[in-house]
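The structure displayed is predicted, hence computed values, not measured ones. Order of the sequence lines fixes the chain letters, A, B, ..., with proteins taken first and strands second; residue numbering starts at 1 for each chain.
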Protein chains: 2
Amino acid sequence: MTVSRALNTPERVSPEVLARVTAAVRRSGYVPNRVAGGLASARSRLVAAVVPTLSGPVFLDTVQALTAALADAGYQLMLGQSGYADSREDALLEAIIGRRPDGVVLTGILHSAEGRRRLLAANIPVVETWDLTPTPIDMLVGFSHERIGHAVAAFLHGRGRRRLAVVAGDDDRARRRLAAFREAARELGLADVEPVTVPAPTTLRSGRDALGQLLARPGGVDAVFCSSDLLALGVLTEARARGLDVPSRLAVVGFGDNEFAADLEPALTTVRIDGAAIGRQAARFVIDRAEGRTVAERIVDLGFSIVERASA
Amino acid sequence: MTVSRALNTPERVSPEVLARVTAAVRRSGYVPNRVAGGLASARSRLVAAVVPTLSGPVFLDTVQALTAALADAGYQLMLGQSGYADSREDALLEAIIGRRPDGVVLTGILHSAEGRRRLLAANIPVVETWDLTPTPIDMLVGFSHERIGHAVAAFLHGRGRRRLAVVAGDDDRARRRLAAFREAARELGLADVEPVTVPAPTTLRSGRDALGQLLARPGGVDAVFCSSDLLALGVLTEARARGLDVPSRLAVVGFGDNEFAADLEPALTTVRIDGAAIGRQAARFVIDRAEGRTVAERIVDLGFSIVERASA
DNA sequence: GTGAAAGCGCTAACAA
DNA sequence: TTGTTAGCGCTTTCAC
């Protein structure tokens, strides 16, 4: 017990005991067993993060920042992938709940509402990210996909574009940006938007193919909003291969502001999301809860911005 | 005890008891506490993975495949980042060892030899990846960076290139590919290779800047070997901005065969590494050890291939 | 400031 | 096939 105190609350132990313990620890190479500690204290100092998949650079910054922020506070990150098979989701939840983590960060969506209920039933704090809803399960940090759709449509309209199109990955959030984009275009009195849906995760190849499809349609197109920067790079690549000048003949807008966006030729106009900030806020949420602090504001809207560059 | 058996070894329990337990589990929503189980059995079913950083798509496929393969076998992945501060490495090791994982997968390098010794002292199986050395700490799955450097130099020489250059990220493995590339060029009787070193992780921007530097030097250059596909994309982008035709005036070779490489214009010639296979093999190593099987062949060389496309 | 007792929720080992 | 006993290595609680 005295050793436990010396290690965890050194200020509550006499200097002499502290010195003796420290020396013994060093001499023996003792590393406390956190599994036993977790069992006794009911605090695992483990946080689970669930991503649909790690491929595709979308959630990378978030996971990276989350891991770092947690590590700084003495917490460890357990990673789970929900995306690659629906049937696995149940097993994933069992695995998570069985470890009694101090919190779960949902990056992207957990498919079943049932699953989220189980997490709450297990009394595990939940942070949803990358989205905004007025009725989160527990805590939430994200931004509004609807507002982004509207904002990009207004942006393109303001630049004189009149025949808008969208290339969107087949996932829920991209679909909602798309829907808002179409609605805004309608409100602005523009022709109905041509949507092309591509499989998720999005790729450069999908972007190239999508532009091909778009150009084959009657009516013509003078602006494309892509649901990822990679898709936008595909559109840029295909446009160049076809001798279609960007931005004079075609405006291109991406999503994500990946590191490479600013340095493409032409530089990519895109929607900037601060993925790292999302990770940091999620860590703050979980840690606050784990340390017993009550979280006053459970919803944080980190917003977005349109970064205007040469491509639009 | 009977419940424990029904859950873990159902075949060693009577059908009737099994049915009763199953029903009770469903009724109550019971999820076994793996922390307690881990403490009692000295098997945590947790595997730690250490990456220098998650940004940069290099280790993504490996981590992704590792997570999936472990999950399939009932193991969970704990993620640690070693790269963002040297001082953190000690804390990271404490955190890892303290959880008594069933194995540690080192993706990239753990800086201190001392650290690796501590892992072994704690009796934790270690898998090193993405490299090849005749004297691994424990188990190893990777490929030879030296052979890659040689192969690419020979490849470019075979295509008639005579003034080779390299753009390499500032990390150990890239440096070794570079060194082998220079050595091979020398053996082939070519002029000494111009190396440009850029900070790690590599970016498109670095690639653009590097080509600028290369072209400013006297002597000229007709082929560039880049230490990542992103860097190669930067070189392609800059070449186009300057009206320098690829491949006629400049051959470009990347590294990694990222998803986008095949669909660039021109399509990128690059070195293909099977990151996912590395992850799967690492999982196999760890699981074999955890289940008490002895691993006969502790070194697996997964090799590489040069994917010849339009850019070289 | 230090220490003794009890127990966290499981599993190993052995007995019936 | 089922059940009993004794821990795993810590922390909580309470007494000194």
Side-chain angles (χ1 to χ4, degrees), chain A residues 1-46 48 74-76 78 93-102 118 121-124 290-292, chain B residues 1-46 48 73-76 78 93-103 118 121-124 290-292:
Chain A
M1 192 56 235
T2 300
V3 172
S4 176
R5 257 193 296 259
L7 261 24
N8 297 317
T9 50
E11 71 281 4
R12 302 179 58 172
V13 119
S14 70
E16 188 234 321
V17 165
L18 181 56
R20 278 203 290 149
V21 169
T22 311
V25 164
R26 201 188 335 271
R27 200 167 353 96
S28 60
Y30 169 72
V31 178
N33 184 330
R34 303 261 171 237
V35 178
L39 180 60
S41 66
R43 290 193 44 200
S44 60
R45 292 184 163 276
L46 209 59
Y75 289 74
Q76 246 35 56
M78 220 178 77
L93 270 178
E94 289 268 338
I96 290 176
I97 297 176
R99 302 240 182 237
R100 309 293 193 264
D102 291 343
R118 285 183 68 191
N123 216 337
I124 302 175
E291 325 256 281
Chain B
M1 193 55 233
T2 300
V3 172
S4 175
R5 258 193 296 258
L7 262 24
N8 297 317
T9 51
E11 71 281 3
R12 302 181 58 173
V13 118
S14 71
E16 188 233 319
V17 165
L18 181 55
R20 279 203 290 148
V21 169
T22 311
V25 163
R26 202 187 335 270
R27 201 167 353 96
S28 60
Y30 170 72
V31 178
N33 185 331
R34 304 258 171 241
V35 179
L39 179 60
S41 67
R43 290 192 46 201
S44 60
R45 293 184 163 275
L46 210 57
Y75 289 73
Q76 248 31 61
M78 218 179 78
L93 271 178
E94 288 268 340
I96 290 176
I97 297 175
R99 300 232 184 244
R100 308 294 194 266
D102 291 343
R118 285 184 67 191
N123 216 338
I124 301 175
E291 325 256 283

Tell me, with the steps shown, if R34(A) and E94(B) meet salt bridge (Lys or Arg N to Asp or Glu O under 4.0 Å). CA-CA 10 Å; R34(A) 303 261 171 237; E94(B) 288 268 340; 5.3 Å; no
Any idea which of dT2(C), dG3(D), dG7(D) is nearest the A40(B) side chain? dG7(D)
Grab the CZ-P distance between R43(B) and dC10(C) for me, whole Å please. 17 Å
Heavy-atom closest pair, residues Q76(A) and A95(B): OE1-CB, 3.3 Å
Taking OP1 and OP2 of dG3(C), is either one under 4.0 Å from a side-chain nitrogen or oxygen of T2(A)? yes
Atom pair distance, as rounded to whole Å: CZ in R99(A) and C1' in dC10(C): 13 Å
Given the structure, check if the side chain of R34(A) and the base of dG9(D) hold any donor-acceptor pair shorter than 3.5 Å. no
Looking only at side-chain atoms of N33(A), point me to the closest of dT11(D), dC10(C), dG9(D). dG9(D)
Between CZ of R12(B) and P of dG3(D) the distance, given in whole Å, is 15 Å
When rounded to the nearest 0.5 angstrom, what distance separates CZ in R118(B) from CD1 in I97(B)? 4.5 Å
CG (L18(B)) and CD (E11(B)) are apart, to the nearest 0.5 Å, by 10.0 Å
I want to check one thing: is the phosphate of dG1(C), taken as OP1 and OP2, less than 4.0 Å away from some side-chain N or O of S14(A)? no
Euclidean distance, atom CZ of residue R45(A) to atom P of dG9(D) [Å, nearest integer]: 21 Å
At under 4.0 Å between heavy atoms, what does V35(A) touch on the DNA or RNA strands: base, sugar-phosphate, or nothing? nothing
Listed nucleotide nearest any side-chain atom of Y30(B), set dC10(C), dG7(C), dT13(D): dC10(C)
Residue met sooner reading DNA chain D from 5', once E11(B) and A36(A) are mapped to nucleotides: E11(B)
For the student: nearest non-hydrogen atoms of R100(A) and P32(B), plus distance: NH1-O, 3.8 Å
Once you round it to whole Å, what is the distance between P of dA6(D) and CE of M1(B)? 16 Å
Any donor-acceptor pair under 3.5 Å between the side chain of R5(B) and the base of dG3(D)? yes
With a 4.0 Å cut-off on heavy atoms, is V17(B) in touch with a base, just the backbone sugar-phosphate, or nothing at all? sugar-phosphate
Given dC10(D), dT4(D), dG9(C), which nucleotide is nearest the side-chain atoms of L39(A)? dG9(C)
Mapping E16(B) and R100(B) onto DNA chain D by nearest heavy atom, which one lands closer to the 5' end? E16(B)
